[in-house]
Amino acid sequence: MFDKFIGVIPLVPLLPLIGAAINGFVSFRGWRPARSFVHAVACGSIGISFLITLGAFFHFVGLPPEAREMTLTLWPWIYLGAVHADVAFLIDPLSLTMMLVISGVGSVIHIYATGYMAHDKDYPRFFAYLNLFCFAMLLLVMGSNLFMMFIGWEGVGLCSYLLIGFWYEHKPNAAAGMKAFVVNRIGDWGFLIGVLLLFWTLFQLGHPTVTFTEIREQAPLLVGHAWGGVAVVTLVCLFLFVGATGKSAQIPLYVWLPDAMAGPTPVSALIHAATMVTAGVYMIARLNFLFSLSPVAQTVITTVGFSTALFAATIGFAQNDIKKVLAYSTVSQLGFMFGAMGVMAYTAGIFHLVTHAFFKACLFLGSGSVIHGMSGEQDMRKMGGLKKYMPKTFLTFILATLAIAGIFPFAGFFSKDEILWKTFSAGYYFQWILGVVAALGTAIYMFRLIGMTFLGNLHEETGGEKPHHPHESPASMTIPLMILAGLSIVGGFLGFPESLGRLFGLHHSNLIEGWLSPLFHHGVEEGGELGVPIAEYLLMFFSLAVAVGGSYIGYLFYTTRRDIPEKIVARIRPLYQVVVNKYYVDEIYDAIFVKNLLRLNQGMNLFDQKVIDGLVNASGLVVRIFSWISGFLDKYLVDGLVNLVAEATLASGRNLRKIQTGRIQNYLYVAVGGLVVAILYKFL
Amino acid sequence: MNFLNQHILSFLLFSPFVGIVLLLLIPNGQERLMHRVAFLASLIPFALSLFLWSCFPETGPLNQGSLESPFSLNEVVPWIPSMGIFYRIGVDGVSLLLVLLTTFLMPIVFVASWTSIGRRVREYYLAFLFLEVGLIGVFIAVDLFLFYLFWELVLIPMYLIIGIWGGERRIYAAIKFVLYTMVGSLLMLAAVIYLYFAAGHSFNFVDLMKISLPVVAQKWLFGAFVLAFAIKVPLFPFHTWLPDAHVEAPTGGSVILAGLLLKMGTYGLFRLGFPLFPEAMAALTPLLITLSVIGILYGALVAMVQTDIKKLVAFSSVSHMGFVVLGLAATSTIASSGAVLQMINHGLSTGALFLLVGMLYERRHTRRIADFGGLAKIMPVYTTLFLIVALSSIGLPGTNGFIGEFLILIGSFKNHPVATGLSTLGVIFAAVYLLWMVQRVFLGPVTHEENNGLSDLSKREIGLLLPIIILIFAIGFYPAPLLKKIEPAVKRWMEMKQGVVHPRVVQ
């Protein structure tokens, strides 16, 4: 009964595009229609997309696993020589999972935004951008080839740029938008090189292609090919991973994401937490057949992932802006996902991507509700005791926090534990330790956040400003919160571990694994864990203990025993300063790259004006000097000679004229004089 | 109709004369009428070139021209037969698109000039119409003598346009432009004469392709041709006339200069520079690739610190045209086709950028970035269009710029991976200089009181930009109609030479 939905799947990205076009046109013409028109278009388009995706999902669930893959070709796009790319969609469990997250969480966030942005004068423009983002993100995950993916990849970057700088009149926002775009472009450079390298290597092997399903068939041929002494597949994977570090905010390109919080909070929730930043994770999952071939790349990815997880978590301790804490937390959680990708635990990584979308969107929207209730205040030091004023927000927020902290049975517990277990069992012990410490940190800083904002008492002293009057947000905002909080509770059961399932006599309890793993059959996840998985139980218990312990510490330190963190900070003040300043990474980048680049450019500009153009002008000058000299010579030498002849003739004429006086006496004098001279000459 | 069909190229070439004659008939003082007539008359060549597109043989290399000549719709008329000089014209897919770009941009430039040109209106349009004849001639000439004639013909009107309707330092810029180009042209003339004798007293492109020259002679000739074209492109380090010419030229002049005159250089490289001298080309390719990569990066880096918007766009042209040369020099059908497409793309997006800068200048009489800030609030429509065009220039997927740049990169990567990798950095820098400019001009608070009163775009201005905006997206999502014209032409032209002299592996 659901097969009808397959035919209309192109509508899934198309509807948000139409929505964006309508609202974009409205905004372009400067019209101010009723808000209900704007959000009917925006929410309606993404909502219908979600329903179609849901229908297609149910259709696919009904198919046998091997039939769950289809390509829908719309039109031929680039056909040139060996380059063939269609505008086509690849629908399989992986893309459907992503589409469900994007359109589902996207719909919820659209609804939330109708409340959050209600008073903004650029209401239509906001929803146009938001819809456009959904279009690009859906294209990214639905594209059947690398080029389509790249369109979406850059498209979401553009929308992110536009939305971070949505309140462009505020200068830092515009700067943050640009930073995001440029840092992403650096990553895209790596992505592009990876694609080119892959394409030409496949060309040498006789089957140049950019289509995923064809690359999958060709991938085994890549083994053994080297380029400059390094396996080509490793190079390709590492270059592609550079792209992922840009888009998904991993070390060393994570710096744009915290600044991106300048955008409206629904944007932070949708783009900078739930969807866009997971594009890198998706890309690796999509190309798992390449990444599985390169142990080197795997080690790099899992190390970078878990290092980022820990690094960002430590920064999260020392932030006082509620959204910044969540931003670093996102960076950290993305690190977990990459950790999973690196150990070929693709299903676990995607599982964490999904649960993270639920609880992190909930947390961001919750923080938005807090900011809304506090009339725009984002500094947690000025909050406290909000539990009393915003009960619904508090309840949903605490549920999502339990989820991210990894407390059983909330969503984050299952997905995070699965990642840590897979990392441990794959033998990456060092990375596992990084991950465990990061998980501990997550629990602590999240409960620090809860303690500072919702518990204790509202700080009355606001530094001379008018005191805050916190209030609960409208239903358009709290209902989305409840939906997401609900998903944060039950979402984990999608990936209920087989080992626990067996205790309850369940087979195939890990639904998401059954759904996704046929795609990743090269992965380690196949290794059937027979017998009693004692180690897995132990680790599960361990990570739960870590999560509970961390949560308790965080709760204790920032509610009743605020003196303890103060004492600790006092003892390690220099180190604390470094963490507060985010390890000065922005400053270091600024000093090394930005400043030097500008200096280089100024130097080159000068070089251009003085040397290159100087040479041009100098040669012009040389020609002019030559022509002046030749002009001089011409005038005084060449023409001078001519004139000299003329002058001489004239002068001689002038002088000779004197003898032709016309007076007969003169002639006679001359004649007689001449005669005298002649006679004298003759006789002397 | 049959007569028109057979002589469509000649009709097209001389169709700007309709406008020239009409303009001469208008009495003095009727400036308004001149503006209108010039615009309407410029639609005639455009209509004819659309007609040309429709009667151009459909795809498949064999349909294009005969085996003897890769050009279609050939017309040959003896001119000075005793010296082997013929009026010989024809088109292939590449020249077809460049002709179309020429006749497409002219009416747009004319509409853009309605308000900005107030004096010597008749002469202004006359210069442009003569320029159009020259440009079309360059692109459809199949005879080296004719090519050279039109090549030089283009110089004069442009010299006048910069020198008469230009800015403060217009005389300096105009003279620099002409002299610089002339240096190249003269070297080319010497090479043309040598080739004429080498080919047995013929200027026919197809005959020239058949001669085989000693390598040393090839190198000299190649050097002469490439220098002439490199100055025109302009390739680093011959680019310094460009910023001056752009800054001083009136808006229309800048659009045509960037959109079309620079394309003469790359078209020349494609048509003559590379195929005529394969061995010399093979020997000097590394140098050309190096220069184009330097140009890409250098142009982008220098663009970053410009304080004048127009100069910034001018330097971005240096960077973008570096990509085109890279594509042409990479000896790959994919890269060369991408380069041809990128010529069109650059004509559209940089042309539009100059139009937009001109519109701002008309309102505020300054182009300094520091004089603006926060314009998005005052001129939202202008900002939207500017951003779209800037993104096309950055090469964002979904716009035309992406397809061209991407094909160049993918085609060049095979034989020149390092150069391609480096030039990809230019894509990052492009985002930096354009978005940084956007940020300083459009975003943030309004910092200058005098900007508050600026009016947003008029219907006329939106209307003249709209065709370009539509093409930006159309080519981005559906480039096939253009690629179908370009690819067979590129392939055939490259194979022509290989078949005769030197089998080169062409992908």
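Just so we're clear, the structure is a prediction, and the values are computed from it rather than from any experiment. Letters A, B, ... are given to chains in the order of the sequence lines, protein chains preceding strands, and every chain is numbered from 1.
Residue B:I175 does not touch chain A at all, counting heavy-atom pairs closer than 4.5 Å. Only the side chain of B:V438 comes within less than 4.5 Å of a heavy atom of chain A; its backbone N, CA, C and O stay farther away. At a 4.5 Å heavy-atom cutoff, the contact between A:N617 and chain B is made by side-chain atoms alone. Looking at B:I486, neither its backbone nor its side chain comes within 4.5 Å of chain A, counting heavy atoms on both sides. Contacts between A:L615 and chain B at a heavy-atom distance below 4.5 Å are absent for every atom of the residue. Contacts of B:T384 with chain A are made by side-chain atoms alone, with heavy-atom separations under 4.5 Å and no backbone atom involved. In this structure, the portion of B:D244 lying under 4.5 Å from any heavy atom of chain A is its side chain and not its backbone. Only the side chain of A:L192 comes within contact range of chain B, judged by heavy atoms closer than 4.5 Å. For chain A, no part of B:P380 is nearby; none of its heavy atoms comes within less than 4.5 Å. For a residue to count as touching a neighbouring chain, one of its non-hydrogen atoms must lie under 4.5 Å from one of that chain's; by this rule A:L606 does not touch chain B. Proximity to chain B (any heavy atom under 4.5 Å) is shown, for A:A136, by neither the backbone nor the side chain. For chain A, no part of B:Y433 is nearby; none of its heavy atoms comes within less than 4.5 Å. Residue contact with chain B, scored on non-hydrogen atoms closer than 4.5 Å, is absent for A:W153. Heavy-atom distances place both the backbone and the side chain of A:F28 under 4.5 Å from chain B. Of the atoms belonging to B:P417, it is side-chain heavy atoms, and not backbone ones, that fall under 4.5 Å from chain A. Proximity to chain B (any heavy atom under 4.5 Å) is restricted, for A:F181, to the side chain, taken from C-beta onward. At a 4.5 Å heavy-atom cutoff, the contact between A:I151 and chain B is made by backbone and side-chain atoms alike.
Salt bridge absent: B:K311 and B:D308 never bring a charged side-chain N and a carboxylate O closer than 4.0 Å.
A donor and an acceptor atom, one from each side chain of B:S458 and B:E461, are located under 3.5 Å apart. A donor-acceptor pair shorter than 3.5 Å can be found between the side chains of B:N345 and B:Q342.
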Handout entry: Worked verdict on A:H84 versus A:N145 for side-chain hydrogen bond (donor to acceptor under 3.5 Å, both in side chains)
Key = CA-CA 10 Å; A:H84 298 279; A:N145 57 58; over 6 Å; no
Exercise for the section: Would you check, one step at a time, whether the test side chain to side chain contact (heavy atoms under 4.5 Å, CB included) holds for A:L240 with A:F191? Expected result: CA-CA 4 Å; A:L240 291 175; A:F191 187 84; 3.8 Å; yes
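Interface check for chain A: of the options B:F406, B:F402, B:Y180, the most heavy-atom pairs under 4.5 Å are formed by B:F406. Counting heavy-atom pairs closer than 4.5 Å to chain A, the top-ranked of the candidates B:D456, B:I394, B:V446 is B:I394. Ranked by heavy-atom pairs under 4.5 Å with chain A, the list B:L387, B:L391, B:V427 is led by B:V427. Of the listed residues A:Q602, A:Q609, A:R185, the one with more heavy-atom pairs under 4.5 angstrom with chain B than any other is A:R185. Between chain B and the residues A:D188, A:L139, A:T201, A:I186, the largest count of heavy-atom pairs under 4.5 Å involves A:I186. Interface check for chain A: of the options B:I428, B:L407, B:V302, B:I403, the most heavy-atom pairs under 4.5 Å are formed by B:I428. By number of non-hydrogen pairs under 4.5 angstrom with chain B, the leading residue of A:A175, A:G603, A:P76 is A:A175. Of the listed residues (A:Y161, A:W167, A:Y79), the one with the most heavy-atom contacts under 4.5 Å to chain B is A:Y161. If you tally non-hydrogen atom pairs under 4.5 Å between each of B:A480, B:P445, B:A431 and chain A, the highest count goes to B:P445. Put simply, of B:L409, B:L425, B:L179, the one with the most heavy-atom pairs under 4.5 Å next to chain A is B:L425. Note: A:K171 leads A:H170, A:K171, A:R29 in heavy-atom pairs under 4.5 Å with chain B. Of the listed residues A:D613, A:V623, A:L597, the one with more heavy-atom pairs under 4.5 angstrom with chain B than any other is A:D613.
With rounding to the nearest 0.5 Å, the separation of CG in A:L162 from CZ in A:R125 is 8.5 Å. Rounded to the nearest 0.5 angstrom, A:L163 CG and A:N173 CG are separated by 11.5 Å. The CG atom of A:D86 lies 7.0 Å from the OG1 atom of A:T211; values are rounded to the nearest 0.5 Å. Atom CG of A:L197 is separated from atom NZ of B:K414 by 14.0 Å, given to the nearest 0.5 angstrom. Annotation: the span from B:L242 atom CG to B:F238 atom CZ amounts to 14.5 Å, rounded to 0.5 Å. Atoms CG and CD1, on A:N131 and A:I22 in that order, are 9.0 Å from each other to the nearest 0.5 Å.
Ring orientation note: the planes of B:F442 and B:Y382 are tilted relative to one another, at an angle of 30° to 60°. The aromatic rings of A:Y589 and A:F593 sit perpendicular to each other, their planes meeting at more than 60°, with 30° as the lower class boundary.
Aromatic ring centroids of A:Y129 and A:F133 lie 6.0 Å or more apart.
For the pair B:R440 and B:W436, the cation-pi test (distance below 6.0 Å, angle within 45°) is passed.
Formation of a donor-acceptor pair under 3.5 Å by the B:H246 side chain with backbone atoms of B:F315 is not found in this model.
Heavy atoms from other residues, nucleotides or ligands lying under 6.0 Å from NZ of A:K121 number more than 12.
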